[in-house]
Amino acid sequence: MGGSFSSCVCDGDGTPLRPRLGDIPESCVALVLMYLDPPDICKLARLNRAFRDASLADFIWESKLPLNYKFIMEKALKDASVAELGKRDIYARLCMPNLFDNGTKEIWLDKRTGGMCLAISSQALRITGIDDRRYWSRISTEESRFHTVAYLQQIWWLEVEGDVDFQFPPGKYSVFFRLQLGRSSKRLGRRVCKTEDIHGWDIKPVKFQLTTSDGQHAVSQSHLDNLGHWVLYHAGNFVSKNPNDLMKIKFSLTQIDCTHTKGGLCVDSIFICNSDVKKEV
């Protein structure tokens, strides 16, 4: 047996040939790739045909997908062609921003970790006084993934509430409010921020709360003081244990001290993400 193997790895003049990457069985390559992060798998798939073919194996990408990825697909991927996709292509589609609920929510997976991220537009929130243009207005902006934000001119009683029912993959999640003090726009191609309406935020902090249908609760407070910049204000964390349970998350932002008015605030969205995901504004 040893002699016949030696003859297979020698060239014409009897010089032994060194094994190459392309000589590794595709099944062995696939088993190794399963332990890597998706970006690394994609890089190695460019090495040669064996690595490329191995990287297409469904069992590799199914291990990267959330346990309840079919529920996420039903929410976010509506076109019929999805049924014909392999697991790698499903992963790629879910890593792209996918709108649902009439464009008021967006979901995507983090490319590196597969962690789930969910954004909820201000249009899907309950905002006290939103229909009264003396207090609030909807403004268009390229700085929001939903292309519109709620802008507070002035009010005594600030209350922003929302909720979402979702099957969250197991893990720890963080909830953020994406806010900005000031109204930004472009002038001669440059970003400018209107700050004339900003007032009242240095007197009392804003209160953030979240509750879950299984009894979890979190409260935090923060002074809004970062003018002209979008900031993710941390409302709290919750833990999901069962991917098949529909969990209801309620969240709110309030500043209801009526001894003073406050204004000049942009409310963009709620951001819910797996805690392993790097948070970016």
Side-chain angles (χ1 to χ4, degrees), residues 75-76 97-108 116-166 173-186 191 193-201 205-211 218 220-236 238 248-256 261-273 279-281:
K75 282 283 187 180
N98 297 281
L99 291 168
F100 65 103
D101 278 3
N102 298 316
T104 62
K105 298 180 179 68
E106 191 172 68
I107 189 169
W108 67 97
M116 195 196 80
C117 301
L118 177 66
I120 303 168
S121 167
S122 61
Q123 293 178 303
L125 304 179
R126 298 181 297 278
I127 302 176
T128 300
I130 190 64
D131 296 323
D132 193 328
R133 292 187 63 83
R134 292 175 299 173
Y135 308 126
W136 290 90
S137 59
R138 300 279 189 189
I139 60 175
S140 299
T141 174
E142 297 177 356
E143 297 183 356
S144 168
R145 65 175 64 247
F146 299 102
H147 306 295
T148 183
V149 298
Y151 179 67
L152 172 64
Q153 293 154 142
Q154 179 172 287
I155 206 166
W156 292 89
W157 180 286
L158 173 66
E159 191 169 29
V160 179
E161 299 179 327
D163 56 72
V164 62
D165 293 291
F166 210 84
Y173 291 83
S174 300
V175 179
F176 300 88
F177 280 76
R178 187 173 188 258
L179 310 173
Q180 176 182 261
L181 285 180
R183 177 175 177 172
S184 56
S185 61
K186 282 192 175 181
R191 184 182 190 270
C193 191
K194 177 184 176 182
T195 59
E196 291 86 349
D197 294 335
I198 300 174
H199 67 282
W201 305 109
V206 167
K207 183 178 182 180
F208 301 96
Q209 291 192 80
L210 76 86
T211 58
S220 63
Q221 296 188 46
S222 179
H223 282 279
L224 309 187
D225 55 9
N226 199 330
L227 278 64
H229 299 282
W230 289 105
V231 178
L232 293 177
Y233 290 93
H234 186 216
F238 67 91
K248 189 180 190 72
I249 312 296
K250 294 183 178 180
F251 33 80
S252 65
L253 175 164
T254 56
Q255 215 292 18
I256 54 178
T261 62
K262 37 265 175 185
L265 177 68
C266 280
V267 179
D268 174 37
S269 57
I270 307 298
F271 183 43
I272 303 175
C273 68
K279 273 71 72 178
E280 296 180 355
V281 178

_Lys248 bridged to Asp163 by N-O distance under 4.0 Å_ = yes
Does the side chain of [X] reach to within under 4.5 Å of the side chain of [Y], using non-hydrogen atoms?
X      : Y      : value
Lys105 : Val164 : yes
Val149 : Cys266 : yes
Thr254 : Trp157 : no
Leu179 : Leu253 : yes
Ile107 : Met116 : yes
Asp197 : Arg183 : no
His199 : Gln154 : yes
Ile272 : Phe238 : yes

Would you find a donor on one side and an acceptor on the other, under 3.5 Å apart, between the side chain of [X] and the backbone of [Y]?
X      : Y      : answer
Thr141 : Thr148 : no
Trp136 : Ile127 : no
Gln153 : Arg133 : yes

Tell me yes or no: between the side chains of [X] and [Y], is some donor less than 3.5 Å from an acceptor?
X      : Y      : value
Ser252 : Glu159 : no
Ser220 : His234 : no
Gln255 : Lys262 : yes

[atom2] on [Y] to [atom1] on [X], rounded to 0.5 Å:
X      : Y      : atom1 : atom2 : answer
His229 : Ser184 : NE2   : OG    : 10.5 Å
Trp230 : Asp268 : CH2   : CG    : 4.5 Å
Phe251 : Leu125 : CZ    : CG    : 6.0 Å
Ser222 : Phe208 : OG    : CZ    : 5.5 Å
Phe166 : Tyr173 : CZ    : OH    : 9.0 Å
Thr211 : Ile249 : OG1   : CD1   : 8.0 Å

_How about CG on Asn102, more than 12 heavy atoms from neighbouring residues, nucleotides or ligands closer than 6.0 Å, or not?_
no
Where is the tightest heavy-atom contact between [X] and [Y], given as atom of each residue plus distance?
X      : Y      : value
Lys75  : Phe100 : O-CB, 3.3 Å
Ala124 : Thr104 : CB-CB, 3.9 Å
Asn98  : Ala76  : CB-CB, 3.5 Å
Ser269 : Phe146 : CB-CE1, 4.0 Å
Gln221 : Pro205 : OE1-CG, 3.1 Å
Ser122 : Ala150 : OG-N, 3.7 Å

*Within 45° cone and under 6.0 Å: Arg178 NZ/CZ vs Phe271 ring*: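 Not satisfied by the 6.0 Å and 45° rule.
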*Six-ring centre of Trp108, Arg145 cation under 6.0 angstrom, axis tolerance 45°*: yes
_Glu143 vs Arg191, salt bridge (Lys or Arg N to Asp or Glu O under 4.0 Å): CA-CA, chis, key distance, verdict_ = CA-CA 10 Å; Glu143 297 183 356; Arg191 184 182 190 270; 2.5 Å; yes
*asked:* I want to know whether Tyr233 and Phe177 have ring centres closer than 6.0 Å.
replied: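 No, they do not, as the ring centres are separated by 6.0 Å or more.
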*Do you know which of Leu227, Leu181, Asp225 makes side chain to side chain contact (heavy atoms under 4.5 Å, CB included) with Trp201?*
Leu181
*Among Ile256, Thr261, Leu265, find the residue that satisfies the side chain to side chain contact (heavy atoms under 4.5 Å, CB included) test when tested with Leu158.*
Leu265
